[in-house]
Amino acid sequence: MENKKVIDALTKAFPGKVTEVPDRLGDTIVRIEKDDLLIIMDFLKNRPCEFTMLLDLTCVDYLSSKGCFEMVYHLFSISSNKRIRIKSEVRKNELDIDSLSDLWKNANWLEREVFDMFGINFKGHPDMRRLFMYEGFEGYPLCKDYPLRKRQPKIPLRKITK
Amino acid sequence: MNRIQKEARKESLLINMGPSHPAMHGTIRIMLELDGEVVKNSEVEVGYLHRGFEKTCEHKTYFNLLPYTDRLNYVSPLINNLAYVMTMEKMLEIEAPERAQYIRVIMSEFSRISDHLTALAAMTMECGAFTVFLYYIQAREEIWNFIEQTTGARMTTSYIRIGGVRADLHPDFKGLMDKAIKVTRRVLKDVKGLLNKNKIWIDRTRDVAVANPEMAVNYGFTGPCLRASGVSYDVRKAHPYLVYDQLEFEVPLGDKGDNFDRYMVRMKEMEQSLKIIEQAVEKMPASSSRAGLMAKGIEPDEAIKASRTKKAEERVNLSPNLQGSEKDVRPDILVKGKKYTVPPKEDTYTNIEGLINHFKFFMSGHGIRPPKGDVYFSVEGGNGELGFYIVSDGTDKPYRLHLRAPCFHIVSALEEMIKGHYIADIIPTFGSTNMIGGELDR
Amino acid sequence: MGKIKPRAYYRETLNGGFIATKINYMLGWGRKYSLFHYPFITACCGMEYMSAACAHWDFDRFGVGMTTFSPRQADMLFVVGTISQKEAPVLKTVYEQMCEPNWVIACGACAVSGGIYDNYAVVQGIDKIIPVDVFIPGCPPRPETILNAIEKLQDKIQHQKQDWKWKIKK
Ligand code: SF4
């Protein structure tokens, strides 16, 4: 019931731009185009929905199957105690999406993490650098084509002699 | 070149704090731009404990990756287990038996207390209150004794399993538990007397690093840090899981959102947790095992011998590390069905179906295979909302597993919180965020 | 027997001789009970280190209670927890700043061998970066194990050839 309200409000404000994804487990999931990301997020953050908290932001690598990355945003509204999941695809040939760091401040680090792990560029991000890995690290470790054990030591390792 | 080096004014002093600094817990680096002793600007660098948790999990089966979750927030491993397991249970649409749910509540509340104790211990020690540190750790030691008695390990327990818990509570768990509760109560009382009105402590923490409600929400704070700012959001109340809706407890709130409030909220929360534990023990349904938990069984070799002629029914004495997971106690603590749980050891060793089930559970490509789809579930961890986002592609390994680490969001606000304060204020501020490397850097 | 060279004679008797062994013994005794250590704590094992350091287990009983947070004053480096590739240069710097003689304890499976993290981010054992004297297994090691390791190290210190400044140059 509650789920419907949010989705109704969304479809009313952005006709044709929001698709609801039915979920077996009862979560609210919508799918949007990446170009509409900023306006839709802005709408969701303010009244009437009031999703004031960006719970989580992450990315899933579907390069081998669908040829795209999928950004996954979780928003939370304290006033109505609801969560919503928003998905948006980032195609292989243009690896960039709008940054949310103006709306939510924690998006700054979350986006840096995604950049670090998947190599997606965020347009309008104030400081796009790696977060966890060091400078000089090549490749994006969480992509499916990065081998689990490919190490890139930062300093030369000792030879262990008996 | 770092951001701060570019932004800094020429005349100011740049100083580097960490990663190998006693107060930085070895895993975080803060670069400061100073004007005298006042922090003008700062840059926090993390990632010194990046251990590739998410990538490793993609290469493990759903059952095998449980030990990795222990090592995320290593002060409250049981809550991490719980978060992962509950996410999986939501995905598989199963529910643990009632007794198991109560055991989970007891265990996760004890973990929460140990988490808060350690957080405050570190925070106070770094401010110079060494006595308090020793007291806190003493209480934690008693709690870990109790945890060890039940789970077999002090920290890395892997106790909460998909579909329930690994073993029932120890038959006389009450003894150690009461002791743990008693010691914790006493320590809390002592510490209250030592710190709550202590001038030095108040001077160092009051009105330092204030996070007002808007800022806290905007940064995605959850847990004690959010509640210290006066926003009442607790996953246990907002989205009740397990049996939390049948237990009575309060959600303590702060009013200013400074370091002192974060300390106070943690102190009050520990008392609430103790209350929850006492209620849960009272309400917990008794074990339905007919033989009783302490019952003697037959020796394993006899059971194996007997199984050659007929199907073994009697209770078998399992080795000490399996105690509490005997076949006749299992219905209380694990869901039925061989799809989601390891088959009972008695069956594995004495009959052929049990052995086949065992192999089918552990063989790669078999085991737990949730349907396709993605799921997000969160529990209230020691630091806040601890959520797992799991994408399944129908195989026995997760396609993608992402952790919503509560302290990641809190530490990302550190730069803003310490701005304009003295260097010495960084220490309690950082302590009050309760940064845990394993969870922050994953 | 040829002609005795006085210098050589003097050198041999003193180095393996009565006084030298006694000094060696005394230095060892002194060093083993006054280990100032630098805890290089990064991860989960640090919690067990905390337990071992606090009142319950208390490794001060063995003379390792003094924690210094400057590597220049430390005799012993306690590497506790996972060392990632990003952390490796830090560990190396800290080690290189320590004065001679120094000892290193690798505490926990991660510091010993990378532990359960066999992946792109983790150094597979700190002996790839710095030399190690005592390895403590366990994930995490129990506080008793840590105490045991300290005793082992003390044994080693007692019996090793002490490096003292005023001995005669070879
Ligand atoms: S050995 Fe185990 S407990 Fe210790 S740091 Fe490594 S993962 Fe953590």
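Naming convention: chains lettered A, B, ... in sequence-line order (proteins, then strands); numbering from 1 in each chain.
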Legend entry - Residue pair B/Arg442, B/Lys55: steps toward the side-chain contact (heavy atoms from CB on, under 4.5 Å) verdict: CA-CA 10 Å; B/Arg442 274 158 278 151; B/Lys55 181 89 178 173; over 6 Å; no
Legend entry - Choice from B/Glu58, B/His409, B/Glu385, B/His239 maximising heavy atom contacts with chain A below 4.5 Å: B/His239
Inset, instruction - Examine whether an atom of B/Glu93 lies under 4.5 Å from a heavy atom of chain A, and if so say whether it belongs to the side chain, the backbone or both; otherwise answer neither. - result: side chain
Inset, instruction - Check for a donor-acceptor pair, side chain of B/Thr395 on one end and backbone N or O of B/Lys397 on the other, with a separation under 3.5 Å. - result: yes
Inset, instruction - Could you tell me which portion of A/Lys154 (side chain, backbone, both or neither) has an atom closer than 4.5 angstrom to a non-hydrogen atom of chain B? - result: neither
Inset, instruction - Name all residues meeting the side chain to side chain contact (heavy atoms under 4.5 Å, CB included) criterion together with B/Pro370; count only those two or more places apart in sequence or in a different chain, and write none if there are none. - result: B/Tyr62, B/Met88, B/Met91, B/Leu92, B/Ile368, B/Ser392
Legend entry - Options B/Val411, B/Asp393, B/Val231, ranked by heavy-atom pairs under 4.5 Å with chain A, top entry: B/Val411
Legend entry - Sorted by number, residues from residues 33-44 of chain A in contact with chain B (heavy atoms, under 4.5 Å): none
Legend entry - Sidechain-backbone polar pair: A/Asp116 side chain, A/Met133 backbone, donor-acceptor under 3.5 Å: yes
Legend entry - Among B/Gly47, B/Ala216, B/Gly373, residue most engaged with chain A (heavy-atom pairs, under 4.5 Å): B/Gly47
Legend entry - No-hydrogen, no-angle side-chain donor-acceptor test under 3.5 Å, B/Asn73 and B/Asn80: no
Legend entry - Region of A/Leu110 that comes under 4.5 Å of a non-hydrogen atom in chain B: both
Legend entry - Heavy-atom pair of closest approach, residues B/Leu253 and B/Ser232: CD2-CA, 3.8 Å
Inset, instruction - Against chain A, label B/Val375 side chain, backbone, both or neither, depending on which of its atoms sit under 4.5 Å from a heavy atom there. - result: both
Inset, instruction - Say whether, by atom type as modelled, one donor and one acceptor occur between the side chain of A/Asp96 and the main chain of A/Lys123 under 3.5 angstrom. - result: no
Legend entry - Qualifying ring-ring contact (aromatic ring centres under 6.0 Å, His included) pairs, either residue in residues 209-234 of chain B, two or more places apart: A/Phe76-B/Tyr233
Inset, instruction - Report the C-alpha distance between A/Arg31 and A/Glu89 in whole Å, list the side-chain angles of each, state the deciding distance to 0.1 Å, and finish with yes or no for salt bridge (Lys or Arg N to Asp or Glu O under 4.0 Å). - result: CA-CA 9 Å; A/Arg31 186 177 285 286; A/Glu89 280 179 4; 3.7 Å; yes
Legend entry - Close approach to chain B in residues 51-64 of chain A, criterion heavy atom under 4.5 Å: A/Thr52, A/Met53, A/Leu54, A/Leu55, A/Asp56, A/Leu57, A/Thr58, A/Cys59, A/Val60, A/Asp61, A/Tyr62, A/Ser64
Inset, instruction - To the nearest 0.5 Å, tell me how far B/Glu33 CD sits from B/Lys40 NZ. - result: 8.5 Å
Inset, instruction - Can you tell which part of B/Val44 gets under 4.5 Å to a heavy atom of chain A, answering side chain, backbone, both or neither? - result: both
Inset, instruction - Would you check if the side chain of A/Arg112 reaches a backbone N or O of A/Asn108 as a donor-acceptor pair within less than 3.5 Å? - result: no
Inset, instruction - Output yes when A/Arg129 and A/Glu135 qualify as a salt bridge under the 4.0 Å nitrogen-oxygen rule, no when they do not. - result: no
Inset, instruction - Would you mind checking which part of B/Glu45 comes under 4.5 Å of any heavy atom in chain A, side chain (CB onward), backbone (N, CA, C, O), both or neither? - result: neither
Legend entry - Enclosure of A/Lys144 NZ (heavy-atom neighbours >12, cutoff 6.0 Å): yes
Legend entry - Which atoms of B/Asp374 approach chain A - backbone, side chain, both or neither, heavy atom under 4.5 Å: both
Legend entry - Contacting moiety of A/Arg130, where chain B heavy atoms sit under 4.5 Å: neither
Inset, instruction - Examine whether an atom of A/Asp127 lies under 4.5 Å from a heavy atom of chain B, and if so say whether it belongs to the side chain, the backbone or both; otherwise answer neither. - result: side chain
Legend entry - Residue part contacting chain A, namely of B/Ile410, when any heavy atom lies under 4.5 Å: neither
Inset, instruction - Examine B/Lys237 relative to B/Phe249 and say whether NZ or CZ is less than 6.0 Å from the centre of the six-membered ring and inside a 45° cone about the ring axis. - result: yes
Legend entry - Donor-acceptor pair, side chain of B/Tyr241 and main chain of B/Glu380, under 3.5 angstrom: yes
Inset, instruction - Taking A/Thr28 for its side chain and A/Ile84 for its backbone only, find out whether a donor-acceptor pair lies under 3.5 Å. - result: no
